[in-house]
Structures are given as structure tokens and as C-alpha cells.
Amino acid sequence: MSNQASGSRFRYALLLGLSLVLVAGGVGMIVTGADGGVATTAFFGVCAAVSVWHMRPGLLESETRSAETALAHYPGPVVLRASVKKILFLATLSAVFGGVMVWMLMHEAPSVTMQVLLWPGVVLFLGGLPVLILVAIRGSSLHLDGTGLAIVQAGRSRRMSWHDVSGFTAVTVKGTMQRMVVFDDARVGEGRLVALNRQLTGRGAGLPDSYGLDPDALAALLTAWRRRAVQDEPIGPSGVSAGDRPRAS
């Protein structure tokens, strides 16, 4: 296990311990009839669940797979699917976090500064809830074949050729403990969203899920798959592979 992974597990173990202590405090508030007991118990109960999930991510995966097995099926097609259980778990987190924030706004008369901090959270968590439910219903998957990859999210597909994508890397997003796979897409210009992504992750684009794999393993799989695909491209009369030919502007 890497030092980074060990450090993350230690931080989540600390968060789990603190969350359980605060859950016990919330239960005590409920028993004594103190205000805010339910909200405290729900909020820190979810924090505890998040900690357990990050320490044991396989608990919410629907399928057991390995990067080596997927790569052995090159040139595919291979479909890696996101776990519906994990998506519904994230939807539950959004509902609880958003609901607790609404409760605080409605019952605790927070200061203006606190309202400024809480309302964006309400919009983020409750606004994202329908999206997560839709993704759970319609599915999320990553499709790999000899010509490119496709990210399918809630019925919408984004197709990219192996020639256009590069630099697959697993990173920890700045300001969070969340790890994800990021990459560069040559077709995308340097707009504000791309610039923000680069600031946060070092790359211009990212995958919405790790599809049952450890992020490092998924990045290694995509790197190896792309290398094979580019090497297998047909060579034209000029001695240049099809993917390396200049594209019309």
C-alpha cells in the first residue's frame, strides 16, 4: 500500500471515530429532547458512512473486476459499468446533507454569513439529487474498443478517439480526499472549465467514476489500452499512422 493510500485511510479512520462520537452525542440529544438531535445524528451518521466507504470502497461495487482481465480482452469492445448501489448511496448522501442544511436554515436562524455558506450547499446537494437518481436509473458506463473510448452517463454518450486523449492519471482533487482519473482531451479548447479542471487536478478532463476499479488501476488500464490502440493503427502510404495524420480545421 502506498504512503498516500495509507495516509488517506488514516484520515478516514480519524473521521470515522470523530463521527461516531458525534453520532452518540446526537442520540443523547434526542433522548434528552434537546433541539437539533436528529439533524446532528443524521449528518454525522452520513459522515461515518462516507468514511467506511472510502476505507472499504469494494462494499458498494456491484461487480468484481481487474484491470488485467479487462486489458486481456483488447481490442474489445469492453464495457465497464458504474455500481448502481454506489450511485444510490451518493444520492442518499446528497439528500441527507441537503436536508440537514435546509433544517438549519429553517429552524436555527443562522447568521447572514452562515446563510451565505449554507445556501450553496443546499443547491449543490439537493440540485444534484435528481441527476444522481437519473444516472442510477439509466446507468453510467465506460466503453473501450480499438478506436476510442466512450463515457456514457444517463443515456448521453461522449465519444473520443485514442489519438485525442492522453495523460491518464489518478489524482486526489485539491481540497478534498476524493481520488479520480483525469486526462487531457486534445479536442477541447482552453476554456474556463478546462482551466479550472487543470488547477484542481492537473488535467483538463476527468472520468465521472472509477467503474469498480481502483483509480490507479483504471488509469494504468487506459494508458496501456491507448498504447496498444495507437500502435495498431494502420500505416498509410506516407508512412504516417491514420491517427497521426493532420486533421482538417
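When a residue number appears, it is its place in the shown sequence, counting from 1.
Residue Leu124 is not grouped with residue Met180 when hydrophobic side chains (ILVMFWY) are merged at heavy-atom distances under 4.5 angstrom, including chains of intermediate members. Note: the hydrophobic cluster containing Val112 does not contain Met106 (ILVMFWY, side chain heavy atoms under 4.5 Å, direct or indirect links).
Evaluated for a side-chain contact (heavy atoms from CB on, under 4.5 Å) with Arg179, the options Val171, Asp214, Asp216 yield exactly one hit, Asp216.
Put simply, the side chain of Met160 reaches to within 4.5 Å of the side chain of Ile151, judged on heavy atoms. Residues Trp119 and Leu105 meet the side-chain proximity criterion, which asks for heavy atoms closer than 4.5 Å.
Using modelled atom types, one side-chain atom of Ser51 and one backbone atom of Cys47 make a donor-acceptor pair closer than 3.5 Å. Thr32 contributes a side-chain N or O that, together with a main-chain N or O of Met29, makes up a donor-acceptor pair within less than 3.5 Å. Put simply, the side chain of Arg81 never gets that close to the backbone of Tyr211: no donor and acceptor are under 3.5 Å apart. Under a 3.5 Å cut-off, the side chain of Arg226 and the backbone N or O of Trp162 do form a donor-acceptor pair. Side chain of Thr169 to main chain of Gly167: a donor-acceptor pair is present (N/O by atom type, distance under 3.5 Å, no hydrogens or angles).
With 3.5 Å as the limit, one finds a donor-acceptor pair spanning the side chains of Arg159 and Thr147.
Annotation for Ala70 and Val78: closest pair O-CG2, 4.0 Å, computed over non-hydrogen atoms.
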